[in-house]
Amino acid sequence: MEHFQQVEPFDYVIFGATGDLTMRKLLPALYNRLRMGQIPDDARIIGASRTELDREAYVARARDALKRFLPSDILSPELVERFLALLNYVPLDSSRQSEQWDSLTSLFTKAQPDRVRVFYFATAPQLYGSICENLHRYGLITANSRVVLEKPIGTDMATATAINDGVGQYFPEKQIYRIDHYLGKETVQNVLALRFANPLMNAAWSGEYIESVQITAVETVGVENRAAYYDTSGALRDMIQNHLLQVLCLVAMEAPDSLEADAVRNAKLAVLKALRPITDATAATETVRAQYTAGMVDGKNVPGYLEELGKPSATETYAAIRAWVDTPRWKKVPFYIRTAKRSGKKVSEIVVTFRPSATTMFGTTPARNRLVLRIQPNEGLDLRLNVKNPALDVFNLQPANLDTSIRMEGGLPFPDSYERLLLDAVRGDPVLFIRRDEVEAAWHWAEPILEAWKHDKTPMQTYSAGSYGPEQATQLLASHGDTWHEASE
Ligand SMILES: NC(=O)C1=CN([C@@H]2O[C@H](COP(=O)(O)OP(=O)(O)OC[C@H]3O[C@@H](n4cnc5c(N)ncnc54)[C@H](OP(=O)(O)O)[C@@H]3O)[C@@H](O)[C@H]2O)C=CC1
Ligand SMILES: O=C1O[C@H](COP(=O)(O)O)[C@@H](O)[C@H](O)[C@H]1O
């Protein structure tokens with residue numbers, strides 16, 4: 001099975017090796033891929049960060065992280081030891097020139113020059129340029145090297161350009177892998193299968209049949225220990241400019257010629273470029289922003305955003321936007337996007353509502369067909385159709401739901417989105433990573449909204465933690481005769 005094919009031997013250098021992302025996501029994901037037989041025993045994972053640790057101390061941290069972030073039933077002592085044997089650690093301030101780099105370069109002196117080398121930047125984006133400069137200075141970049149960039153790629157166009165220029169000076173675009181973990185989700189990739197492998201869907205996938213699209217990613221967590229980062233970001237930068245626009249692209253794009261990286265990225269780019277600008281003049285009617293106040297989530301009282309932060313802030317923890325894709329396919333189809341912290345539940349989904357049937361033969365108007373693609377949790381899809389109500393002699397209708405779960409073969413749990421992406425970088429397959437022009441097109445659309453918000457064109461609303469969001473978000477849809485789909489429906 002291709003899914004379980006072993007990749008070629010590689011060296012993965014993780015900058016930011018002691019950080020939250022590495023411990024919570026990257027090491028557990030790599031362990032899981034070793035467990036699946038995809039990582040050869042002569043692969044190497046080299047952690048680098050400033051904290052002075054020897055290899056043993058780093059391995060102890062990694063061992064704890066696996067225990068903490070993976071279910072115990074998948075942690076076999078033998079596999080854990082095999083995984084830990086791949087680890088090395090180098091204390092290194094990667095943004096400065098120093099002899100500390102010699103420890104890293106010495107690990108590569110005997111390495112075959114064509115062995116795959118992945119440099120993963122799990123650290124602050126302002127360091128990316130100087131890390132690349134040092135990688136170049138110390139002769140670490142080879143023809144078979146790739147660099148993986150974590151989000152955020154900037155907080156606006158100017159900062160994104162600075163990051164991309166800084167990295168682009170040392171790595172050609174084809175060696176740069178900008179990660180968006182939503183593209184690593186199986187159920188997000190499934191949008192392509194559903195649309196293009198099913199003539200039934202493909203034929204109906206346009207404004208002729210589709211009335212509206214909703215893309216939701218809401219979560220119960222607040223900003224917790226990431227408050228310092230989040231307050232400089234907010235819902236639009238943190239989730240919409242990247243993850244949710246990428247999902248929108250997959251829903252709205254024209255069929256790519258193939259699944260080759262540039263074919264898919266060109267198709268997504270065309271969507272991003274077709275997004276209707278939202279400006280100071282339209283922000284008030286097309287966008288909603290809000291902050292959570294104290295409330296109850298999962299049966300527990302939780303404080304409001306400003307209380308958590310301990311200072312005033314104009315950062316939104318909720319955003320809802322009515323977006324328009326100005327292409328012939330999507331004429332008159334609103335795309336509603338929303339994201340929230342401290343929502344009543346954690347749900348990511350795409351809801352496609354079809355136009356009503358024009359038939360009058362049943363006396364009543366049939367309910368609209370509706371397709372719900374559950375990204376998470378309960379990964380699957382649900383298609384609402386109309387059938388005859390069998391309990392009645394007269395022709396009356398009732399809704400019938402074709403609901404199916406998407407499951408892993410053999411009942412395996414869904415892989416974490418990082419698993420696939422981490423190894424795609426080794427394989428040299430950038431299809432699920434973001435090209436520079438996509439990042440820029442996304443900022444081109446998002447930045448004027450942020451500007452309008454800065455000018456207070458859209459008032460900051462509030463919502464209670466644990467609720468569905470502010471009333472104004474309901475109004476955003478009501479003005480088009482729509483309602484948000486809430487996952488329990
Ligand atoms: N945590 C998460 O869930 C997510 C994080 N990200 C992104 O991933 C990146 C890392 O996030 P996160 O792990 O949370 O952050 P942390 O603050 O937890 O970790 C930052 C890491 O960078 C290291 N570091 C800082 N400065 C240097 C330096 N000059 N040279 C070498 N290493 C350095 C730190 O170690 P030391 O102090 O020892 O140097 C630490 O290992 C950020 O860009 C973040 O936006 C993206 C999505 C989710
Ligand atoms: O990138 C991010 O995503 C998470 C939500 O990811 P999910 O896979 O759990 O839906 C979000 O919590 C975080 O703020 C954001 O930076």
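Quick caveat, the model's predicted, so the values are computed rather than measured. Whatever order the structure lists them in is the order used to number ligands and atoms, beginning at 1.
- A salt bridge is defined here as a Lys NZ or Arg NE, NH1 or NH2 lying under 4.0 Å from an Asp or Glu carboxylate O, and Lys346 with Glu219 meets this definition.
- Residue Tyr418 has no N or O atom closer than 3.5 Å to an N or O atom of ligand 1.
- Ranking protein heavy atoms by distance to atom 2 (C) of ligand 1, first place goes to Arg24 NH2, 3.4 Å.
- For atom 43 (O) of ligand 1, the choice among Leu149, Thr22, Thr123, Leu21 with the nearest heavy atom turns out to be Thr123.
- Numbered from 1 in the order shown, with element, the atoms of ligand 2 that lie under 4.0 Å from a heavy atom of Lys185 read 7 (P), 8 (O).
- There is a side-chain donor-acceptor pair under 3.5 Å between Asn401 and Asp382.
- The shortest contact between atom 27 (C) of ligand 1 and any protein heavy atom is with Arg50 NE, 3.5 Å.
- Only the side chain of Tyr182 comes within 4.0 Å of ligand 2, counting heavy atoms alone; its backbone N, CA, C and O stay farther away.
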Stepwise salt bridge (Lys or Arg N to Asp or Glu O under 4.0 Å) test for Arg24 and Asp416: CA-CA 11 Å; Arg24 209 160 44 82; Asp416 186 83; over 6 Å; no
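- Remark: ligand 1 and Thr51 share an N or O pair separated by less than 3.5 Å (distance only, no angle test).
- Using cut-offs of 30° and 60° on the angle between ring planes, the pair Tyr292 and Tyr463 is perpendicular.
- From the protein, the heavy atom lying nearest to atom 18 (O) of ligand 1 is Asp20 N, 2.9 Å.
- Residue, atom and distance of the protein heavy atom nearest to atom 46 (C) of ligand 1 are Glu150 OE1, 3.1 Å.
- In terms of the salt bridge (charged side-chain N to carboxylate O under 4.0 Å, His left out) criterion, Asp64 has no residue partners (sequence neighbours excluded).
- Close contacts of ligand 1 with Ser95, meaning ligand atoms under 4.0 Å from a residue heavy atom, involve 29 (N).
- Of all atoms in ligand 1, listed by their number and element, those nearer than 4.0 Å to a heavy atom of Leu92 are 30 (N), 31 (C).
- Listed by atom number, the atoms of ligand 2 under 4.0 Å from Asp238 heavy atoms are 13 (C), 14 (O), 15 (C), 16 (O).
- Per-atom contact check: atom 38 (O) of ligand 1 touches the protein, criterion being a heavy-atom distance below 4.0 Å.
- Among protein heavy atoms, the minimum distance from atom 10 (C) of ligand 1 is reached at Ala122 O, 3.3 Å.
- Short contacts between ligand 1 and Leu127, defined as distances under 4.0 Å to a heavy atom of the residue, involve ligand atoms 26 (N), 27 (C), 28 (C), 29 (N).
- Of the listed options Thr18, Asn134, Ile14, Ile153, Thr18 places a heavy atom closest to atom 35 (O) of ligand 1.
- Within a 4.0 Å radius of atom 15 (O) of ligand 1, the protein contributes no non-hydrogen atoms.
- Scanning the protein for heavy atoms near atom 7 (C) of ligand 1, the closest one is Lys151 O, 3.3 Å.
- Here Tyr230 has no heavy atoms under 4.0 Å from ligand 1, in either its backbone or its side chain.
- In this structure, Arg338 satisfies the cation-pi test against Trp484, with its NZ or CZ atom closer than 6.0 Å to the six-membered ring centre and inside 45 degrees of the ring normal.
- At a heavy-atom cutoff of 4.0 Å, ligand 1 is contacted by both the backbone and the side chain of Ser94.
- In this structure, a donor-acceptor pair under 3.5 Å is absent between the side chains of Tyr318 and Gln472.
- Listed by atom number, the atoms of ligand 1 under 4.0 Å from Pro152 heavy atoms are 45 (O).
- When non-hydrogen atoms are compared, ligand 1 lies under 4.0 Å from neither the backbone nor the side chain of Ile131.
- Among Glu219, Lys341, Glu150, His243, the residue whose heavy atom lies nearest to atom 1 (O) of ligand 2 is His243.
- Using a 4.0 Å cut-off between charged side-chain N and carboxylate O, Glu150 and Lys25 make no salt bridge.
- Here the shortest heavy-atom distance to atom 21 (C) of ligand 1, taken over Gly16, Ala124, Ala48, belongs to Gly16.
- Close N/O approach between Gln376 and ligand 2 is found [any backbone or side-chain N/O within under 3.5 Å].
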For a side chain to side chain donor-acceptor pair (under 3.5 Å) check, start with the C-alpha distance between Gln246 and Glu438, then their side-chain angles and the critical distance, and finish with the verdict. CA-CA 9 Å; Gln246 284 295 318; Glu438 291 181 76; 3.2 Å; yes
Can Asn190 and Thr187 be said to form a side chain to side chain donor-acceptor pair (under 3.5 Å), step by step? CA-CA 5 Å; Asn190 188 44; Thr187 41; over 6 Å; no
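- Tyr89 and Tyr58 have parallel rings, their planes meeting at less than 30° on a 0 to 90° scale where 60° marks the start of perpendicular.
- A salt bridge between Glu440 and Arg435 is absent, with no side-chain N of the basic residue lying under 4.0 Å from a carboxylate O of the acidic one.
- One side chain, Ser145 or Thr142, offers a donor N or O that lies under 3.5 Å from an acceptor on the other.
- For atom 7 (P) of ligand 2, the candidate residues are Arg237, Arg226, Lys25, Lys346; the nearest heavy-atom contact is made by Lys346.
- With ligand atoms numbered from 1 in the order given, ligand 1 contributes 13 (O), 18 (O), 19 (O), 40 (C), 41 (O) to contacts under 4.0 Å with heavy atoms of Gly19.
- Ranking protein heavy atoms by distance to atom 6 (O) of ligand 2, first place goes to His181 NE2, 3.1 Å.
- No side-chain donor from either of Thr462 and Thr293 sits under 3.5 Å from a side-chain acceptor of the other.
- In summary, the side chains of Asn32 and Glu419 do present a donor paired with an acceptor at a separation below 3.5 Å, with no hydrogens or angles considered.
- Note that Arg44 lies in the cation-pi zone of Phe108, set by a 6.0 Å cut-off to the ring centre and a 45° limit from the axis.
- Using modelled atom types, one finds a donor on one side chain and an acceptor on the other under 3.5 Å when comparing Tyr229 with Asp238.
- Tyr177 and Phe433 have perpendicular rings, their planes meeting at more than 60° on a 0 to 90° scale where under 30° would count as parallel.
- Applying the 4.0 Å criterion to heavy atoms of Pro125 picks out, from ligand 1, the atoms 43 (O).
- With ligand atoms numbered from 1 in the order given, ligand 1 contributes 41 (O) to contacts under 4.0 Å with heavy atoms of Ala17.
- For ligand 1, the atoms lying closer than 4.0 Å to a non-hydrogen atom of Asp93 are 28 (C), 29 (N), 30 (N).
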